[in-house]
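Below is one structure, written out as structure tokens, with a few remarks after it.
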Amino acid sequence: MIDIQLVRDNPEFVKEKATQKGYEVDIDRLLQLDNDRKELLQTVESLRARRNEISESMKGGKPADELIEEGRLLKVELSEREGYLEATESEWLELLKSVPNMPLDVVPVGSTEDENVVVKTWGDKPQFNFEIKNHAEIAEAKGWLDKDRGAKIAGSRFVYLKGDLVRLEMALWQFGVDVAGSESTLQRLIAENNLNLSSKPFMPVLPPAVAKKEIFEATGRLNKEEQTYKIEDEDLWLNASAEHTIAPMYYKEILDEAELPLRYIGYTTAFRREAGTYGKDTEGFLRLHQFNKLEMESFTDAQTSLDEHLLMVAIQEHLMQQLGLPYQVLEKCTADIGRPNAKGVDIEVWLPGQDRYRETHTADYISDFQTRSMQTKVRKNDGTLELAHTNDATAFSQRPLIGIIENFQTAEGDVIIPDVLRPYMGGREKI
RNA sequence: GGAAGGGUGUCCGAGUGGUUUAAGGAAACGGUCUUGAAAACCGUCGUGCCGGCAACGGUACCGAGGGUUCGAAUCCCUCCCCUUCCGCCA
């Protein structure tokens, strides 16, 4: 959530930025509640002060009847006022939580994803001298993809992936972990992009794939419950990204500045209900209820978080370049960056089979929006305390596999394996 | 799943109704001493919220949430988690 102080100090700014992101929040009502809350709080606290005073005066002595009687009356009044305060505060908090993070000035203002801005394209779209196929056709012909049986067992948008495609996927995870774990690679990317950052490598992590509701609420990621699967009879929800269970790792903890940045590259299976996408992207495995993803997550201080975000984008580009996949980079507009984001970048791979770019990566600049509700703080070297910042970004999902299949297909219906993945594939050149 | 014991500040740990504004120790930070360091000694040392320019004052927080009481870390209830033993099992 955002800082209530920002709303108090600059309500017009908050209104404007929220509107840019397409959120309707009643800021005036929030400020009204904020005032009500303050007044009630002061009343309650002075009643409590009197209660403590009475209690204090009885220490060690014989309780005086008048004071006990006053305490009794006080208790009744206090309980009534506390009721009002609690009601006001919970409405206040709910409204405050509904305020989106403020987009940075560099974020293009737009009302639909069509207004995202292409800031870079990389690589040449491949030319084919044969009739090309899309990834679904190739995968099905190769026996890599079985949607019918997936549907029989778990329903639509669940699939069996099989054979060499699975080997290729696993190669992708290993490659991603190796790149993000390479200090020299990070060093080079940091230098090339003029970033002022540590080259500490990303530590691989296998986090839980489920979390309690309290945790999802703190990360601001359960804003769309209709997208999240719940486990029946348990207070547990399936994560929709490793980010959902890595970001809250330091829930209610204080980090030392000296140990920052904390960088993780985590792998989990992700689950998404994909409500509202019926009939969209039903071919192949572009959009599934269950997919695998390797995700970067960093905890930094406020001073380095924006550079950290840019580093993550640089890593993403590096990964795509190493695979040789043509892509474009989008600076997402205010409507598309998402509620917790202050900035967001997407990378889209060129898909010859669809004759268009499709999203493979997202990088989220969250600033202190998550950590304020997660209470993850940093003890600075000078002893002061501030909120930590979080960043997250895709390293690889399964979608780059689609890019590989479509861009590197041959007339024979095979797929050429990118050079960098061959060491993980027993040296094979194609599948 | 069954039984027992526990969850206290950055860490360890005392505390079973009002002498606790959470003892004591460690770590950390500042200082004295020292050629320097260590040791010793002195001092500082939780977080949120509200008020205040500030100094500071008030309030809440001892796993979470309720309850009893004039008053709860302490008593009661529910839940969560951890440890040990048993059972089961990748």
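Below, chain A is the first sequence line, B the second, and so on; all start at residue 1.
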Value in whole Å for how far the [atom2] atom of [N] lies from [atom1] of [X]:
X        : N     : atom1 : atom2 : answer
A:Glu53  : B:G57 : CD    : P     : 15 Å
A:Leu85  : B:G48 : CG    : C1'   : 14 Å
A:Leu385 : B:G9  : CG    : P     : 16 Å
A:Tyr251 : B:G63 : OH    : C1'   : 12 Å
A:Leu78  : B:U68 : CG    : P     : 13 Å
A:Lys38  : B:A60 : NZ    : C1'   : 18 Å
A:Glu86  : B:G65 : CD    : C1'   : 11 Å
A:Leu41  : B:G51 : CG    : P     : 8 Å

Using the [atom1] atom as the reference point in each nucleotide, state the distance between [N] and [M] in Å, no decimals.
N     : M     : atom1 : answer
B:C12 : B:G2  : C1'   : 32 Å
B:G63 : B:G58 : C1'   : 27 Å
B:A4  : B:G18 : P     : 29 Å
B:G46 : B:G9  : C1'   : 5 Å
B:U78 : B:U83 : P     : 23 Å
B:A14 : B:G24 : C1'   : 7 Å
B:G15 : B:U74 : C1'   : 8 Å
B:A72 : B:G67 : P     : 12 Å

Nucleotide opposite [N] in a Watson-Crick or G-U pair, distances under 3.5 Å:
N     : value
B:A23 : none
B:U74 : none
B:C85 : B:G2
B:C53 : none
B:G36 : none
B:A28 : B:U44

Determine whether the side chains of [X] and [Y] contain a donor N or O and an acceptor N or O closer than 3.5 Å.
X        : Y        : value
A:Glu359 : A:Thr362 : yes
A:Gln303 : A:Lys380 : yes
A:Arg29  : A:Gln32  : no

[atom1] ([X]) with more than 12 external heavy atoms under 6.0 Å:
X        : atom1 : result
A:Asp105 : CG    : no
A:Arg149 : CZ    : no
A:Lys430 : NZ    : no

- Want to settle it: does A:Lys212 or A:Lys252 sit nearer the 5' end of RNA chain B, counting the closest nucleotide to each?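 The residue mapped nearer the 5' terminus is A:Lys252.
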
- If you find the nucleotide of RNA chain B closest to A:Val44 and the one closest to A:Gln375, which residue's nucleotide is nearer the 5' end?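 Looking at the nearest nucleotide for each, A:Gln375 comes out on the 5' side.
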
Name the nucleic acid region contacted by [X], choosing base, sugar-phosphate or nothing; use a 4.0 angstrom heavy-atom cut-off, strictly under.
X       : value
A:Asn52 : sugar-phosphate
A:Arg8  : sugar-phosphate
A:Leu74 : nothing

What nucleotide, of [options], holds the atom closest to the side chain of [X]?
X        : options             : value
A:Arg379 : B:U59, B:C80, B:U47 : B:U47
A:Gln42  : B:G51, B:C80, B:U59 : B:G51
A:Arg51  : B:G58, B:G46, B:A60 : B:A60
A:Ala49  : B:C49, B:G48, B:U59 : B:U59
A:Lys75  : B:G46, B:C50, B:C70 : B:C70
A:Arg48  : B:C50, B:U47, B:U59 : B:U59
A:Arg37  : B:A60, B:U47, B:C49 : B:C49

- Is the base of B:G58 touched by the side chain of A:Glu45 through a donor-acceptor pair closer than 3.5 angstrom?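 Indeed, a donor on one side and an acceptor on the other fall under 3.5 Å apart.
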
- Hey, are A:Glu53 and A:Arg50 close enough for a salt bridge, meaning a charged N less than 4.0 Å from a carboxylate O?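 Judged by the 4.0 Å cut-off on N to carboxylate O distance, A:Glu53 and A:Arg50 do form a salt bridge.
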
- Interatomic distance, A:Leu96 atom CG to A:Ile4 atom CD1 [nearest 0.5 angstrom]: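 Rounded to the nearest 0.5 Å, the CG-CD1 separation comes out at 5.0 Å.
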
